[in-house]
Amino acid sequence: MKLGLKTQILPADAAAVAEAARCLASGGLVAFPTETVYGLGADAAQGPAVARVYEAKGRPSFNPLIAHVADLASAQAIARFDATALKLTAAFWPGPLTLVLPKTAHCPVAELATAGLDTVALRIPAHPVATALLRAFGGAVVAPSANLSGHVSPTTAAHVASDLSERVDLILDGGAVQVGVESTIVACLDEPMLLRPGGLPREDIERVLGRPLKRLPEDAANDDDKPLAPGMLASHYAPHTPVRLNAVDVAPDEALLAFGPAAVNGGHAAKAVMNLSATGDLAEAAANLFGYLRTLDAKGARAIAVMRVPQHGLGEAINDRLRRAAIGR
Ligand code: TXA
Ligand code: MG
């Protein structure tokens, strides 16, 4: 973190990408778009650069980071892929799927980035700017979502700037992201297990595997002191305003986060109303989720009332993030 230096925000053209790659190589922090959310990137091999990521986010050090690479060969230098993992990469990479795998013997990722575990989280993102940056840089880039720890993930460069201004050297502006929720995380250690629902629906993964994914125990996410899967902290995606789930009505001093075409009692009198998807499209809702939470959080409402979102497909990830938001800070 070069305190005092002004953060540069550059449109993500070829010159900016080349500058970002140089910045990473010299140990700097670069925020860049992926198809899921914006990431706060550092050279995965440089411990001090990785430390700056934790510092900039105010992130608990036990919470390990995802390493992003440009291609499968780079991924295989970092982690060991069994047949299941290879099946998933063939079907879904590049894309919004992160795999947790055993490290290779000479894994180049800094110990701090994996929080001392003998496993590592990896993905190949599907965004032209992320791909160009990873190719230009040549190594693995660790990148958590580019927000302050515990805050809502950023889906635009402006969100990144509002959380991390002056804590990041360069922000590559690639416009609004497409998916809007973070990647789905699957551990391929013995039986494949869903660690975090995300931008790739569980059903798609199970179709490719031909069997159900193992799930975390229900209460695994609820103990902040001893996370069973690191990072699945119960309160994580939290706006400042309290969040109330499964709302069927809304009070005049509340803001409403709506979903679908149905009307809600009191909706016309609410402090603010935003609809994740008026047609009930879950992909549209996922893309709007974090931006709308931020906007409603700024309205000074007593609470954000959220209508029910169905649990299938991307709804599983949306509901996971909403539950965490409702637990609060
Ligand atoms: O879409 C995404 O995944 C975004 C973009 C930037 O790629 N990144 C992201 O990173 O959401 P982050 O740091 O916010 O979430 C990474 C999650 C954390 O919950 C962390 O605990 C988990 O991955 N994780 C990382 N390494 C792990 C490991 N070895 N075992 C279990 N969980 C791991
Ligand atoms: Mg995050």
Side-chain angles (χ1 to χ4, degrees), residues 29-42 44 50 53-54 56-69 78-80 92-103 107 109-127 129-131 133-134 140-155 159-160 163-164 172 174 177-189 193-200 216 220-221 224 227-238 286-287 289-290 317 320-321 324-325:
L29 300 188
V30 172
F32 62 99
T34 80
E35 77 279 30
T36 56
V37 299
Y38 274 71
L40 174 62
V50 175
V53 170
Y54 288 106
K57 282 192 60 119
R59 180 172 191 142
S61 56
F62 53 71
N63 197 348
L65 305 176
I66 298 171
H68 299 69
V69 291
I78 293 172
R80 298 202 309 272
F92 299 117
W93 277 4
L97 172 68
T98 294
L99 295 178
V100 171
L101 302 165
K103 285 179 181 173
C107 177
V109 174
E111 196 67 30
L112 183 59
T114 56
L117 300 171
D118 50 19
T119 57
V120 59
L122 268 177
R123 85 178 186 100
I124 302 181
H127 189 291
V129 173
T131 307
L133 178 63
L134 291 168
V141 173
V142 287
S145 50
N147 52 276
L148 290 174
S149 188
H151 201 182
V152 172
S153 287
T155 55
H159 293 162
V160 178
D163 266 28
L164 297 179
L172 288 176
V177 302
Q178 295 85 41
V179 177
V181 291
E182 300 85 345
S183 59
T184 301
I185 305 183
V186 172
C188 285
L189 300 173
M193 185 195 266
L194 182 68
L195 295 185
R196 176 177 77 180
L200 179 66
L216 278 175
D224 277 13
L228 184 140
M232 297 304 285
L233 301 184
S235 96
H236 193 70
Y237 300 87
L289 179 65
F290 291 136
D320 175 77
R321 306 305 186 268
R324 289 163 195 281

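For this chain, numbers begin at 1 and follow the sequence in order. Order of listing sets the numbers, starting from 1, for every ligand and every atom in it.
Shown in contact with H68 at under 4.0 Å from a heavy atom are these atoms of ligand 1, numbered in order with element: 5 (C), 6 (C), 7 (O). Taking every heavy atom of A143 and a limit of under 4.0 angstrom, the matching atoms of ligand 1 come to 6 (C), 8 (N), 10 (O). Numbered from 1 in the order shown, with element, the atoms of ligand 1 that lie under 4.0 Å from a heavy atom of I66 read 3 (O), 8 (N), 9 (C), 10 (O), 16 (C). Close contacts between ligand 1 and L195 involve ligand atoms 31 (C) [criterion: under 4.0 Å to a heavy atom].
Taking only non-hydrogen atoms, the option from P64, G199, P125, S149 nearest to atom 27 (C) of ligand 1 is P64. Of the options S145, G39, P96, the smallest heavy-atom separation from atom 9 (C) of ligand 1 is shown by S145. Of all the listed residues (P144, A67, P154), P144 holds the heavy atom that lies closest to atom 12 (P) of ligand 1.
At least one N/O-N/O distance between T36 and ligand 1 falls below 3.5 Å. For a threshold of 3.5 Å applied to N or O pairs, the pair formed by K57 and ligand 1 contains no separation below that value. Checked against a 3.5 angstrom limit, the closest N/O atoms of Y38 and ligand 1 fall outside it. Considering backbone and side-chain N/O of T119, one or more are found under 3.5 Å from N/O of ligand 1. The shortest N/O to N/O separation between E182 and ligand 1 does not fall below 3.5 Å.
In terms of heavy atoms, V69 sits closest to L134 at O-CD1, 3.4 Å. Nearest heavy atoms, L40 versus A56: CD2-CB, 4.1 Å. A pairwise comparison of heavy atoms in A146 and P154 identifies O-CG, 3.4 Å as the closest pair. Looking at every heavy atom in both residues, P96 comes nearest to E35 through N-OE2, 3.2 Å. Closest non-hydrogen pair, V109 versus A67, comes out as CG2-CB, 4.3 Å.
For the pair T184/F92, no side-chain contact is recorded, criterion being any heavy-atom separation below 4.5 Å from C-beta on. The closest side-chain heavy-atom distance from S183 to I66 is below 4.5 Å.
Of the N and O atoms on the side chains of S145 and E182, not one donor lies less than 3.5 Å from an acceptor on the other residue. Between the side chains of R123 and T34, at least one donor N or O lies within less than 3.5 Å of an accepting N or O.
Using a cut-off of 2.8 Å, one finds that N147 contributes no N/O/S atom close to the Mg ion (ligand 2).
Of the heavy atoms in T114, none comes closer than 4.0 Å to ligand 1.
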